[in-house]
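Just so you know, residue 1 is the first one in the sequence shown, and it goes up from there.
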Amino acid sequence: MESTTVETKRAKGKMGLDEYRVWRTRVRRANTQIDPFREVYVRINKQYVGTHYGDATNGSDTPVPVDWIRLAVNIHRRVLIAQGPQAYITHDNPDMKAAADDCQHAVNLQLLKMKIGAPLKGTALAALLSPLGVVHVGLDGGSEAPNPGEPVDPGELYCERIALEDLFFDMDAKSWAEIEFIGYWFDMPLDEARERWGKGVEADTPRASDEDGAAPATQISRGTDTQNAPERVALGYLWLRKENKSIIFPRYGGQNDAPLEEKPYKGPQGGGFHFLGFWDVLDQLMPLPPASTWINLHDVGNNLYTKLARQAQNAKQVGVFAGADLADAQRVNDAKDGETVHAKAGAIENEKIGAVDQVCFAFFIQAKNLFYELAGNLGLLGGLGPQSPTATQDEMLAGTASAQLDDMKSTFTAFVAGVMRDVAWWVWTDPTAEVKFYKTVKGAPGISIPVTWGPEQRKGDFEEYRVSVVPFSMDEDTPKQRMARLRRFVQQDMIPLAGLMQAAGLRFNLKAYLADVADLEHLPQVEKYVIEAQGGPGQEAEAQGGMDGGRYQPTMPRNTTRTEVRVGRPGAPQQTQDALMMQTLLGGKLNADQAPQMGM
């Protein structure tokens, strides 16, 4: 790109200095208004990482023996997104279904290429720990915005998370619909900045000092090095909603404090910004982060456990004797384990000094249970142990527990759908890109044909298409889980429907089933245990009396009887054990039915 100086940019007259200074003042005010939220986030984040993260200044200032914040946040993040999503694109016109399917293939390939799961997971984590998780979708090197994250090739799509410390937006607006500007801070090598905007760009050390006093969360482990840092320049990107244009300007001002670049924004609606916040606060822009509602109980639990640990460490057992028994006490004290010594009976008595306070311990257990409950039944969501006497009751509880997360999952799914729509917009509007993929022929499983999806194949208008998230595509899907679903499908659907399948001329493909079992269970040796019957399946079935006119019939008893047996599990759910433990600690007695539940 032809380099132009700051003065040359100013000479084009796109924004006067007076107007620019008004925007600079508003950005500075917005940045200051976000600072309190940043400080709370840094404090919660230090609790999340605990005390053993980097040097002594990186993590928490106080011990964190029970990191409930980390437990709750990681469980919720995994429930929200365990892997990258897939797009589902539809069109109201049935004749456009094939075009929508082709567009869907192209978009999903782009999502895989972008590794979309990583920034979305980070955004979910950010929205759990802080008020907002934010991503920006754009075309690197394009006219709309610089890439705020990891560099990609020029002209490549990116989806990058914007850290709360780098984010600023119109905090004076009454609602998100009324926000007039959004932007973020970023930095780049000084030589690249001068090549793009001219030699008038001044060098500085980004984040060496913050003009507004913010506490950057990224300095928790990285810190700053103002002496050895390479020459870089800290810049700001500002998107103006009403004017629909973008501005790049120096963050810390300087002698040439003027816009470096000003261009019309040529991207999808919303400037490419997508905000994720889980719990809205009435009449406020900033949502309430879940972790801020958990942090108080987290502090209570850690303070209590630290106190209990100190009591346990200070507790000791000593021998007490009278002055006349000094010789006996000395002989006992010098004796080795298993030795016999001469001493008067009862001369020495064992005394315990200090112990874990039982009431304090009972209160700690109650605090833990309350934290698990307020965080959405963590024991059940995280698979931390049975929560009821039977597996069926656990499944019912799981449905109830997940209902508490339904609102959060719905919010996150809508956020992801918006991100994917922006990606689809960029893919659709690319005037030269051609995407090549293979498409399965309908009605002919196993047969695929090559397809090239380019500008000529994009039928209709993009606004006519609907972009959503494929259901369950973000959920965890391990081979073990797929195997469990496959077995459940065979047991609950295939076997009961065997008679109807036989009447319809269908039969169960056992060979294919065993092949999937071998693949999902990582047991390739399964194949050597399955061999073709001599004479084929028909003759084998005839020897078993299962033939009918030369056709194979599955042999099944005419009458079946189902007997349901309830098998009790030893012990009790964790909540019941905790309740009984508190009862014991507070001086209560266990009855004959309660004692076995505690393993007594």
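- The environment of OH in Tyr305 is sparse: at most 12 heavy-atom neighbours from other residues, nucleotides or ligands sit within 6.0 Å.
- With hydrogens and angles disregarded, no donor-acceptor distance shorter than 3.5 Å links the side chain of Asp166 to the backbone of Tyr184.
- Atom CD1 in Ile365 sits 7.5 Å away from atom CG in Asn369 (nearest 0.5 Å).
- Side chain of Gln457 to backbone of Gly454: a donor-acceptor contact under 3.5 angstrom is found.
- Here Thr62 contributes atom OG1 and Asn303 contributes atom CG; the two are 6.5 Å apart, rounded to the nearest 0.5 Å.
- Within the model, atoms CD1 of Ile162 and NE2 of His274 stand 10.5 Å from one another, a figure rounded to the nearest 0.5 Å.
- Looking at residues two or more places apart in sequence or on another chain, you find a ring pair (Phe, Tyr, Trp, His ring centres under 6.0 Å) between Phe437 and His105.
- Relative ring orientation between Trp279 and Trp294 is described as perpendicular, the plane-to-plane angle rising above 60° on a 0-90° scale split at 30° and 60°.
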Per-pair distances, 0.1 Å, donor-acceptor, side chain in residues 106-121, under 3.5 Å, sequence neighbours excluded:
{"from": "Asn108", "atom 1": "OD1", "to": "Ala87", "atom 2": "N", "distance (Å)": "2.6"}
{"from": "Asn108", "atom 1": "ND2", "to": "Ala87", "atom 2": "O", "distance (Å)": "3.3"}
{"from": "Asn108", "atom 1": "ND2", "to": "Gln104", "atom 2": "O", "distance (Å)": "3.3"}
{"from": "Lys113", "atom 1": "NZ", "to": "Glu156", "atom 2": "OE1", "distance (Å)": "3.3"}
{"from": "Lys121", "atom 1": "NZ", "to": "Ala82", "atom 2": "O", "distance (Å)": "3.2"}

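- With sequence neighbours excluded, no residue forms a ring pair (Phe, Tyr, Trp, His ring centres under 6.0 Å) with Phe278.
- Listed for the Ser410 side chain is no donor-acceptor partner under 3.5 Å among the backbone atoms of Asp406.
- Judged by distance alone, the side chain of Ser292 and the main-chain N or O of Pro289 form a donor-acceptor pair under 3.5 Å.
- Here the closest heavy-atom approach between residue Tyr438 and residue Pro450 is recorded as CD2-N, 3.7 Å.
- Ring pair Trp68/His298 is perpendicular by interplanar angle, where above 60° counts as perpendicular and below 30° as parallel.
- With hydrogens and angles left out, the side-chain atoms of Tyr48 and Asn74 include a donor and acceptor closer than 3.5 Å.
- Of all heavy-atom pairs spanning Ala98 and Lys439, the tightest one is O-NZ, 3.9 Å.
- A donor-acceptor contact shorter than 3.5 Å is absent between the side chain of His76 and the backbone of Leu405.
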*Under the side-chain contact (heavy atoms from CB on, under 4.5 Å) criterion, do Tyr465 and Met96 qualify, and how do the steps go?*
CA-CA 9 Å; Tyr465 291 85; Met96 299 289 285; 3.3 Å; yes

*Run the numbers on Asp102 and Lys97 for salt bridge (Lys or Arg N to Asp or Glu O under 4.0 Å), then give the verdict.*
CA-CA 9 Å; Asp102 290 346; Lys97 185 179 185 308; over 6 Å; no

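- Taking each heavy atom of Pro131 and Leu164 in turn, the nearest pair found is CD-CD2, 4.3 Å.
- Here Glu521 does not pair with Arg482 in a salt bridge; the nearest charged N to carboxylate O distance is not below 4.0 Å.
- The CG atom of Leu132 sits 12.0 Å away from atom OH of Tyr41, with the distance rounded to the nearest 0.5 Å.
- Seen from the ring of Phe364, Lys368 does not count as a face-on cation partner, given the 6.0 Å and 45° thresholds.
- Rounding to the nearest 0.5 Å gives a distance of 8.5 Å between OH of Tyr158 and CH2 of Trp426.
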_Determine whether Ile69 and Leu129 satisfy the following criterion, side-chain contact (heavy atoms from CB on, under 4.5 Å), listing intermediate values before the conclusion._
CA-CA 9 Å; Ile69 286 290; Leu129 290 168; 4.3 Å; yes

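- With no hydrogens or angles considered, a side-chain donor-acceptor pair links Ser60 and Gln47 at under 3.5 Å.
- Residues Lys409 and Val79 come closest through the heavy atom pair CE-O, 3.9 Å.
- The two atoms that bring Asp430 and Arg458 nearest to each other are O-NH1, 2.5 Å, heavy atoms only.
- We find the CD-CG distance between Glu464 and Asp92 to be 8.5 Å, quoted to the nearest 0.5 Å.
- We find that Arg487 and Asp516 are not joined by a salt bridge, their nearest charged nitrogen and carboxylate oxygen being 4.0 Å or further apart.
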_For Tyr513 and Val490: C-alpha separation, side-chain torsions, deciding distance, then whether side-chain contact (heavy atoms from CB on, under 4.5 Å) applies._
CA-CA 9 Å; Tyr513 172 73; Val490 171; 3.6 Å; yes

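- Annotation for Trp428 and Asp461: closest pair CZ2-C, 4.3 Å, computed over non-hydrogen atoms.
- Under the 3.5 Å distance criterion, the side-chain polar atoms of Arg77 are left unmatched by any main-chain donor or acceptor of Leu125.
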*How far apart are the C-alpha atoms of Phe415 and Thr123, what are their side-chain angles, what is the distance that settles it, and do they pass the side-chain contact (heavy atoms from CB on, under 4.5 Å) test?*
CA-CA 10 Å; Phe415 161 78; Thr123 306; 3.6 Å; yes

